[in-house]
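Data first, discussion second: the structure below is written as structure tokens.
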Amino acid sequence: MKKKLISTILSATMVAAMLAGCGSSDSGSTDTQQPAQSQEQQPAADTQQPAADAQTPASGEGKVYYLNFKPEQGPAWEALAAKYTEETGVPVSVQTAASGTYESTLKSEIAKTEAPTLFQVNGPVELATWKDYCYDLSGSDVYAQLKSDDFALKEGDEVKGIAYVVETYGLIYNADILNDYFTKDYAVVTSVEEINSFDQLKAVADSIQANADDLGVKGAFTSAGMDSSSDWRFKTHLANLPIYYEYEADGIGSTDAIKGTYLDNYKNIWDLYITDSVCAPTLLSSKTGEDATADFALGDAVFYQNGTWAYNDLVDAGMDGDSLGMLPIYIGVDGEENQGLCTGSENYWCVNKNASPEDIQATLDFMNWVVTSETGCKSLTEEMGFVCPFQAFDSYPASNPLVNIANDYVSNGKTSVAWTFTTMPSENWKNNVGSALLEYAQGTGQWDAVVTAFVDGWAEEYAAVNN
């Protein structure tokens, strides 16, 4: 995803705050094992293109089944689907896969007679698994709503997937506690603006950890839980940083053999997470995503690695949006004082080309309504907290303050970190890296095992996936 385009999309949300409402005119899997196909669901050699979807959907005999990837937005999608059905009479069902199970759930559901008509992939690697199921969206109205082809997954001239949300992650911080820290005699900085490198971040975290009792916290960082509800934050999102910087240094966008140039930096930030923490490293195998949310929402920790999608959970847990800030994840790379937040998408809509023509049309109608109607726009921005790369959303500000923080980094000339983790070769690679990280944290393994899983595992998985 081009950095300039990302900046444009994010900056548009600031302009949108001054405009009227929209007129009527969203860690994913990359398991590349080919899904089994039932007799009813063999890919069609040539699927007839239905008529272009209209902005105002026409009630017909078709129906929509959306297999949602994002558990935190499940209730909002169900409510939006119900509104659409009420408005049009078209049945829309939403099923949400449990955290960490989307790939296996999709494999199971796609083989059924009543298979999903709308599903998603997380990028080009996962598309390789599902491309034979993906309807060509190039003639659809929803594709015409995209601001740029940078948000489309293509194979030749065919559009196989469309990104529907652009998201950002970094180090969320509790501004109230941090501002209190800045007043202390032992504080090593006096403002958040001074935390612009790994060395500064570590100095602050070490200082907070050493004075936790005085600050009323249990640690600088939330628990780095390594169960399936939390480990994606580290084996995928944190691992993005060394991959991103290696790609930048080598001038590439993907590779069949990662070198591991920045794995010492990966070790630095991981050591900081598990040392300056609310819990001992030996407890991480049992710590969950909910534990980390609670650590942060209860004021037990100052820093919490997560993204804009975590906002609703934090508010539901009692936090005030004004108390939230977000820093880049610094890992000690030259020039990182100019680094921004990690921004991109791993949420690409795909339409099942093996569905009936009526269901395909109904699905296209639903997608277009979601990204053009006032009801859909408000749900995605206000309820789900999304930044969306469609034309109508220029008139829609996100209510999520973490999105506004991402805008500020872009406005201040910081370079957004692209989501390179969508090039990770497989889910098995992620799991092996995660296992090695946990063993190292618990003291039952060495860092060399993380390096081996990262580098040798990448080459092996890439070769296995690509024959």
Side-chain angles (χ1 to χ4, degrees), residues 26-44 47 63-78 80-81 91-137 142 152-153 155 158-165 167 228-229 231-232 235-236 309 345-356 359-360 362-364 366-367 370 419 421-431 461 464-465:
D26 161 66
S27 335
S29 168
T30 55
D31 184 353
T32 53
Q33 180 181 345
Q34 185 68 25
Q37 299 166 10
S38 69
Q39 185 174 2
E40 296 89 345
Q41 294 297 325
Q42 291 292 335
T47 302
K63 58 187 179 302
V64 182
Y65 168 15
Y66 178 32
L67 184 60
N68 172 42
F69 169 76
K70 300 171 75 62
E72 63 270 26
Q73 269 80 42
W77 274 116
E78 291 171 10
L80 186 59
V92 179
S93 61
V94 176
Q95 177 176 330
T96 300
S99 179
T101 69
Y102 190 82
E103 185 78 3
S104 60
T105 302
L106 179 55
K107 286 178 180 178
S108 173
E109 292 297 303
I110 205 74
K112 296 179 178 179
T113 301
E114 297 295 328
T117 64
L118 180 61
F119 62 95
Q120 70 181 70
V121 298
N122 78 342
V125 173
E126 193 172 30
L127 179 65
T129 301
W130 296 101
K131 62 182 180 180
D132 290 338
Y133 287 81
C134 296
Y135 177 80
D136 179 12
L137 297 166
V142 67
L153 288 179
E155 185 177 62
E158 292 191 355
V159 176
K160 298 290 191 178
I162 293 174
Y164 65 90
V165 56
E167 296 178 301
S228 62
S229 68
D231 64 349
W232 52 269
K235 68 183 186 183
T236 302
W309 55 85
S345 183
E346 61 169 345
N347 300 280
Y348 293 85
W349 275 334
C350 302
V351 173
N352 184 358
K353 77 174 187 180
N354 298 320
S356 70
D359 288 354
I360 290 174
T363 302
L364 294 173
F366 173 67
M367 294 165 70
V370 167
W419 284 18
F421 61 78
T422 58
T423 67
M424 291 174 177
S426 71
E427 187 69 13
N428 190 53
W429 180 86
K430 295 180 188 179
N431 290 337
E461 287 296 317
V465 168

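In this text the structure is predicted, and so the values were computed from the model without any measurement. Values below: every heavy atom of this structure, side chains too, minus hydrogens, waters and symmetry copies.
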Using every non-hydrogen atom in the two residues, find where [X] and [Y] come nearest and quote the distance to one decimal.
{"X": "Lys63", "Y": "Asp359", "value": "N-OD1, 2.9 Å"}
{"X": "Tyr102", "Y": "Leu67", "value": "OH-O, 2.7 Å"}
{"X": "Pro425", "Y": "Val125", "value": "O-CG1, 3.9 Å"}
{"X": "Gly161", "Y": "Cys350", "value": "CA-SG, 4.1 Å"}
{"X": "Ala81", "Y": "Val92", "value": "CB-CG1, 3.5 Å"}

Any donor-acceptor N/O pair, [X] side chain to [Y] backbone, under 3.5 Å:
{"X": "Asn122", "Y": "Asn347", "result": "no"}
{"X": "Thr117", "Y": "Tyr65", "result": "yes"}
{"X": "Thr101", "Y": "Ser104", "result": "no"}
{"X": "Thr363", "Y": "Val64", "result": "no"}

Legend entry - Glu109: salt bridge (charged side-chain N to carboxylate O under 4.0 Å, His left out) partners, not counting sequence neighbours: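 Checked Glu109 against salt bridge (charged side-chain N to carboxylate O under 4.0 Å, His left out); matches are Lys112.
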Legend entry - side chain to side chain contact (heavy atoms under 4.5 Å, CB included) partners of Asp231, counting only residues at least two apart: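 Residues passing side chain to side chain contact (heavy atoms under 4.5 Å, CB included) with Asp231: Met226, Lys235.
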Inset, instruction - State which residue, out of Asn68, Leu106, Thr105, fulfils the side-chain contact (heavy atoms from CB on, under 4.5 Å) condition with Phe119. - result: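 Only match with Phe119 under side-chain contact (heavy atoms from CB on, under 4.5 Å): Leu106.
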Legend entry - From CA spacing to verdict: side chain to side chain contact (heavy atoms under 4.5 Å, CB included), Met367, Tyr164: CA-CA 10 Å; Met367 294 165 70; Tyr164 65 90; over 6 Å; no
Is any side-chain heavy atom of [X] closer than 4.5 Å to a side-chain heavy atom of [Y]?
{"X": "Trp419", "Y": "Glu167", "value": "yes"}
{"X": "Ile360", "Y": "Tyr135", "value": "yes"}
{"X": "Thr129", "Y": "Val465", "value": "no"}
{"X": "Leu153", "Y": "Pro124", "value": "yes"}
{"X": "Lys160", "Y": "Trp130", "value": "no"}
{"X": "Trp349", "Y": "Val370", "value": "yes"}
{"X": "Glu461", "Y": "Met424", "value": "no"}

Inset, instruction - With side chain to side chain contact (heavy atoms under 4.5 Å, CB included) as the test, would you mind laying out the steps for Trp77 and Thr96 before giving the verdict? - result: CA-CA 9 Å; Trp77 274 116; Thr96 300; 5.8 Å; no
Inset, instruction - To the nearest 0.5 Å, tell me how far Ser228 OG sits from Asn431 CG. - result: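 Here the interatomic distance stands at 9.5 Å.
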Legend entry - Gap between atom OH of Tyr66 and atom CD of Gln95 - 0.5 Å precision: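 Spacing of CD (Gln95) from OH (Tyr66) equals 12.5 Å.
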Inset, instruction - Please step through side chain to side chain contact (heavy atoms under 4.5 Å, CB included) for the pair Leu127 and Glu155, ending with a clear verdict. - result: CA-CA 10 Å; Leu127 179 65; Glu155 185 177 62; 5.5 Å; no
